[in-house]
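Here the structure comes first, spelled out in structure tokens, and everything after it is commentary.
Owing to the predicted nature of the structure, the values given are computational and were not obtained by experimental measurement. Heavy atoms only: backbone and side chains are in, while hydrogens, waters and symmetry mates are out. All residue numbers refer to positions in the sequence shown, counting from 1.
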Amino acid sequence: MKRFILFSLICLAIVWHAQAIDRWQIQKDGSICWIPAENLPHEDHLEMSGQMLSVVLRYGVDADKSFHLNRSLVFPMLRMKPNKTGSNLKQRFDVDIPAMITVDDQTLLNEKVERVMFDGILRVESDYGYIHRRKEQAHTIHVERTLYPSPTKACYLEEYTFTNNSKNPVTLRVPDWRVKYTTPEAAGVYGAYSIEASLSKQGFFTLKPGEKLDFFAVFQAYKLSGEAPLDVAGLVVAEERAQRKELVAQWWENLVLDTPDTILNRMFAFAKIRGAESIYKTKGGPMHGPGGEAYYAAIWANDQAEYINPFFPFLGYEYGNQASLNSYRHFARFMNPEYKPIPSSIISEGVGTWHGAKDRGDGAMIAYGAARYALARGDKAEARELWPLIEWCLEYCKRQLTPDGVVASDSDELENRFPSGDANLCTSTLYYDALRSAVYLGREIGVSRKQLADYEERAKQMESAIEKHFGAEVEGFRTYRYYDGNTVLRSWICMPLVMGIYTRAEGTVDALLSPRLFTDDGLLTQAGSETFWDRSTLYAMRGIIAAGEVERGIDFLNHYSRRRLLGDHVPYAIEAWPEGDQRHLSAESGLYCRIYTEGLFGIRPTGLRSFDLTPRLPAEWAYMNLNHVRAFGSDFDVQVSRDGEKLHVLVTEKGKKVLDKKITEGKTLKVRL
């Protein structure tokens, strides 16, 4: 086994060395920048969202260094028939706006992209040439594109600035460009819709050397009955851009990761953008949606209840907290005395449901997420409101126990894409942690000691059942089988580590980082396949670090973060491949952030104002800080530094010391704010 582990490490080193060249670079202002030079052509796709729409930009730089852009707009609240999960109004626009502008009666020539930048807003700078006195004047018209969604309106915006860098006056012609599509009235839930695109200016504009021309394009959609289009002439685009920047600044200034590793700091910062921006203002209240041109105005027991909701209290984003509470309220509507399963997804602004894979372990997902959210939120009224839902889900899981004492379900969160048997490891571990969290939460809101003692006993029994039923040697590793009959490694064997069960930690970590599962893009879902899903990769990194394998975990995390932030598909965690072509689904970014809050810093909520803290400082780091943590109804900082053989841990709340101790590596501290 030692030889095998050494071989695995050598393989990982070779893989990581092969991907050492970054396409993008981190800038001093926190943005990332790509200067196209070599390795062209190159294409990428990026999703951005506001409360009323989402846009996926498919963009690239061709071999001749020209830019191309295809915009895919999604309007989640403009529902199409039949009103199912993916029935969002969509429209693509593949139009080159600078190509419509003429300079001295001629089209622009030979675009050369200088740089592409992103900081929550995509910016592209290019130089064009034009013909003057029968001779091309190269690099004389500078064009800046600024692309982003409106934070609150049903429109996507593109700002254009043309600068005359030639020695001669030039005359620009801007067309009166408008495009309008109208959907059939019978096709829409709310009747006919209009999708429009237009420019804010048209006409002739003479620019002296050094002068600029600014205008913008608006892409919007609205109901033909009862709604009016946005007044493009009256739209103050600078205010829309400022609102987008203010949101990004709010996310970046709370829950701030400060370590010696700039790549991890910035990947964490960008993950907060994608995790927080994808919340839609539906008639069913604010609903966080995964995105990906398919999943909007709807919630899932995994993406929202389990993955992202427990993260929002740490970020302190109030709209995110509102969306989290709203999602649990929607799930609570489906509690029933017969203990029939809660739907996996509540769709179409809350008016429909999806339960296509039957019970995926959704009760365990909801109980786990709701209990963790309520504890971290630190609001007793919300905790009391959520308690019946948590209680119901725990009872539902109890009624699904098999004779072996594990939780049965029809499938898992991968919805039969891969086999999961009659009872899978993921569902049982979620139930185990939900029981533990329910004990902590119940103490805060006055639940009877008898009931909480029962939960404690059930948690102990579940931990034992997980070991007996799932514990196994798989492909030579002392780890877990994912279900009864499973004989090949699965990435979800990480789940016991995530939930604090370390009985088989060594073998499980070795299995996860072996060539059977590890690839340059993360973990394979199943050994021998070509499919990878970031969600299990992100869970695995959290579990590896939490289990004390800090150096191996941080190497994995650094490689992953560098590839996602600065590689060929940036700057967020993705859903999967080949399915979905690595879409930037939103909740995965929440899972990325939880690698740090729960893995590296080891924060485990134990009360509305308390938590366990098990910091895992990598050997090469002198310090790591997590500042402006907004969980537990507070605003506090956690600072960890190396002090000889010990770690110095300092927790401050609004400038006052809450905890100041030196500990040995791996020790857990109890913190009360």
Side-chain angles (χ1 to χ4, degrees), residues 301-302 306 339 341 344 355-368 393-436 457-512 514 516-517 523-529 531-533 535-537 539-540 543 547:
N302 52 331
E306 178 191 340
Y339 285 92
S344 301
H355 204 56
K358 299 183 179 178
D359 177 18
R360 310 175 308 157
D362 302 289
M365 297 174 189
I366 295 167
Y368 163 84
C393 288
L394 293 176
E395 177 62 23
Y396 174 83
C397 291
K398 180 183 177 182
R399 295 179 180 219
Q400 302 305 308
L401 293 180
T402 70
D404 287 343
V406 295
V407 186
S409 59
D410 298 305
S411 62
D412 65 359
E413 66 96 46
L414 287 182
E415 299 163 2
N416 295 314
R417 293 173 176 86
F418 287 83
S420 59
D422 297 327
N424 65 77
L425 180 64
C426 201
T427 299
S428 290
T429 51
L430 286 168
Y431 174 54
Y432 163 77
D433 193 88
L435 287 165
R436 293 184 62 206
E457 181 59 30
R458 282 157 61 178
K460 291 177 183 177
Q461 292 173 359
M462 180 52 55
E463 183 176 7
S464 177
I466 287 170
E467 171 62 25
K468 291 178 181 178
H469 183 79
F470 296 108
E473 184 171 302
V474 181
E475 297 196 46
F477 295 94
R478 184 177 181 272
T479 182
Y480 301 93
R481 59 181 183 177
Y482 189 56
Y483 58 90
D484 185 13
N486 170 224
T487 59
V488 295
L489 292 174
R490 295 285 292 270
S491 58
W492 286 106
I493 58 175
C494 65
M495 290 302 283
L497 307 183
V498 176
M499 305 307 169
I501 300 174
Y502 303 132
T503 310
R504 295 173 175 265
E506 183 180 359
T508 300
V509 173
D510 289 344
L512 291 168
S514 74
R516 290 290 290 156
L517 286 177
L523 300 182
L524 294 173
T525 299
Q526 177 172 289
S529 73
T531 301
F532 61 86
W533 286 68
R535 52 194 65 180
S536 57
T537 297
Y539 263 124

Would you say Leu523 and Trp533 make side-chain contact, with heavy atoms under 4.5 Å? no
Output the distance between atom OG (Ser491) and atom CG (Leu414), rounded to the nearest 0.5 Å. 7.5 Å
Do Tyr396 and Asp359 have a side chain donor and acceptor closer than 3.5 Å? yes
Could you give me the CA-CA distance, side-chain angles and deciding distance for Asp412 and Phe418, then say whether side chain to side chain contact (heavy atoms under 4.5 Å, CB included) is met? CA-CA 9 Å; Asp412 65 359; Phe418 287 83; over 6 Å; no
Can we say Glu506 and Arg478 salt-bridge, meaning some charged N sits less than 4.0 Å from an Asp/Glu carboxylate O? no
Can you tell me if Asp404 has over 12 outside heavy atoms packed within less than 6.0 Å of its CG? yes
Any heavy-atom pair between the side chains of Thr487 and Val474 that's under 4.5 Å? no
How many angstroms lie between atom CZ of Phe470 and atom OG1 of Thr479, to the nearest 0.5 angstrom? 12.0 Å
All heavy atoms of Lys358 vs all of Asp410, minimum pair found to be CB-OD2, 3.2 Å
Would you name the heavy atoms of Leu524 and Ser529 that are closest together and state the gap between them? CD1-O, 3.4 Å
Taking all non-hydrogen atoms of both residues, which atom of Ala459 and which atom of Leu435 are closest, and how far apart? N-CD1, 3.7 Å
CG on Leu425 to CD1 on Ile501, rounded to 0.5 Å: 8.5 Å
Is any side-chain heavy atom of Tyr368 closer than 4.5 Å to a side-chain heavy atom of Met499? yes
For a 4.5 angstrom cut-off between non-hydrogen side-chain atoms, does Ile466 reach Thr429? yes
Between Glu415, His355, Met365, Glu413, which is the residue that forms a side-chain contact (heavy atoms from CB on, under 4.5 Å) with Ser344? His355
CG (Leu430) and CE (Met462) are apart, to the nearest 0.5 Å, by 11.0 Å
Using a 4.5 Å cut-off on heavy atoms from C-beta on, say whether the side chain of Tyr431 contacts that of Leu394. yes
Would you compute the distance between atom NE2 of His469 and atom OG of Ser464 and round it to the nearest 0.5 angstrom? 13.0 Å
pair Arg504-Glu467: side-chain heavy atoms closer than 4.5 Å: yes
Indicate the atoms forming the closest heavy-atom contact of Asn424 with Ser409, along with that distance. ND2-OG, 3.1 Å
Less than 6.0 Å separating the ring centroids of Tyr480 and Trp492? no
If you measure from CD on Gln400 to CG on Asp422, what distance do you get to the nearest 0.5 Å? 12.0 Å
I want to check a possible cation-pi pair here: Arg399 against Tyr339, using under 6.0 Å from ring centre and within 45° of the ring axis as the test. yes
If I compare all heavy atoms of Leu401 with all of Gly405, which pair ends up nearest, and what's the gap? CD2-O, 3.6 Å
Working note: Phe477 + Thr508, criterion side chain to side chain contact (heavy atoms under 4.5 Å, CB included); need CA distance, chi angles, decisive distance, verdict. CA-CA 7 Å; Phe477 295 94; Thr508 300; over 6 Å; no
Residues Ser420 and Ser411: closest non-hydrogen pair is OG-CA, 3.4 Å
Do Val407 and Lys398 come within less than 4.5 Å of each other through their side chains, counting heavy atoms only? no
Do Gln526 and Tyr482 make a side-chain contact, defined as non-hydrogen atoms from C-beta onward lying under 4.5 Å apart? no
Flag the pair Glu473 and Arg481 as a salt bridge only when some basic side-chain nitrogen lies within less than 4.0 angstrom of an acidic carboxylate oxygen. no
